[in-house]
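Structure record follows, encoded as structure tokens.
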Amino acid sequence: NEEANIIAGALQLANKRVEDIMTKMEDVFMLDINTILDFETMAEILNYGYTRVPVYDGDKTNIVHLLNTKELALIDPDDNTALKTVCRFYDHRPLVVDYDVKLDQMLQDFLHGNSHMAIVQRLHNDGDHDPYYENLGVVTLEDVIEEIIQSEIIDE
Ligand code: ADP
């Protein structure tokens with residue numbers, strides 16, 4: 001039955017890592033911090049329909065901000081506002097987690113923190129080059145809840 005499945009899903013949280021449930025970087029909709037919020041761009045953002053959009057500076061490996069799309073509600077596309085200005089005003093640094101963090105820990109972080117999305121990273125320090133972090137994907141509270149209830153949440 002459904003309740004037993006939810007309990008089983010909750011018990012499995014400690015056995016799964018964020019890497020197992022994340023949305024991979026290649027599928028993540030992101031914005032360049034130098035984007036101008038003209039009509040076309042704002043229409044594109046609305047079309048994707050995501051609540052949270054990572055913002056990168058320079059290249060996609062350098063995520064500097066997490067845009068909450070509700071922050072765009074009062075922006076007039078005719079003003080050609082710079083995304084950078086919005087980012088400066090709200091100043092949301094992205095939450096970052098290691099790829100092998102377990103889902104029970106991730107759930108606690110989401111519930112006690114102030115962000116429901118985290119950037120999943122992996123440290124590479126295999127000797128030949130300087131250590132660096134690779135962004136593997138994003139994980140949200142909804143991804144974790146889907147593991148508990150063991151079914152997809154259909155967005156409205
Ligand atoms: P939303 O509130 O935008 O619908 P959710 O947090 O409910 O987002 O997550 C729904 C699914 O979409 C999850 O699998 C999550 O990893 C994915 N997701 C969230 N934001 C993005 C994004 N900017 N690009 C790609 N996938 C995303």
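Note that ligands are numbered from 1 as they come in the structure, with each ligand's atoms numbered from 1 the same way. Since we're looking at a predicted model, the values are computed, not measured.
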Would you please write out the protein residues whose heavy atoms approach any atom of ligand 1 to under 4.0 angstrom, listed by chain and number? T23, D27, V28, F29, Y50, T51, R52, P54, M117, T140, E142, D143, D155
Validation: residues 15-26 side-chain donor-acceptor distances under 3.5 Å, sequence neighbours left out:
residue : atom : partner : partner atom : Å
N15     : ND2  : Q12     : OE1          : 3.3
K16     : NZ   : E147    : OE1          : 2.7
R17     : NH2  : E19     : OE1          : 2.9
D20     : OD2  : R17     : N            : 2.9

Identify the heavy atoms of I75 and P77 that sit nearest to each other, and give their distance. O-CD, 3.5 Å
Please report the closest heavy-atom contact between F29 and L31, naming both atoms and the distance. CZ-CD2, 4.0 Å
Can I get a per-line list of side-chain donor-acceptor pairs under 3.5 Å for residues 131-146, giving both atom names and the distance, sequence neighbours left out?
residue : atom : partner : partner atom : Å
E134    : OE1  : H124    : NE2          : 2.7
N135    : OD1  : Q121    : NE2          : 3.4
N135    : ND2  : T61     : O            : 2.9
T140    : OG1  : E142    : N            : 3.3
T140    : OG1  : D143    : N            : 3.4
T140    : OG1  : D143    : OD2          : 3.4
D143    : OD2  : T140    : N            : 3.0
E146    : OE2  : I153    : N            : 2.8

Expected list for residues 106-120: side-chain donor-acceptor pairs under 3.5 angstrom, two or more places apart:
residue : atom : partner : partner atom : Å
D109    : OD1  : Q105    : NE2          : 3.0
H112    : ND1  : Q108    : O            : 3.2
S115    : OG   : M117    : N            : 3.2
S115    : OG   : M117    : O            : 2.8

I'd like to check P54 versus L66 (side-chain heavy atoms, cut-off strictly below 4.5 Å). Are they in contact?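 Yes, close enough: below the 4.5 Å cut-off.
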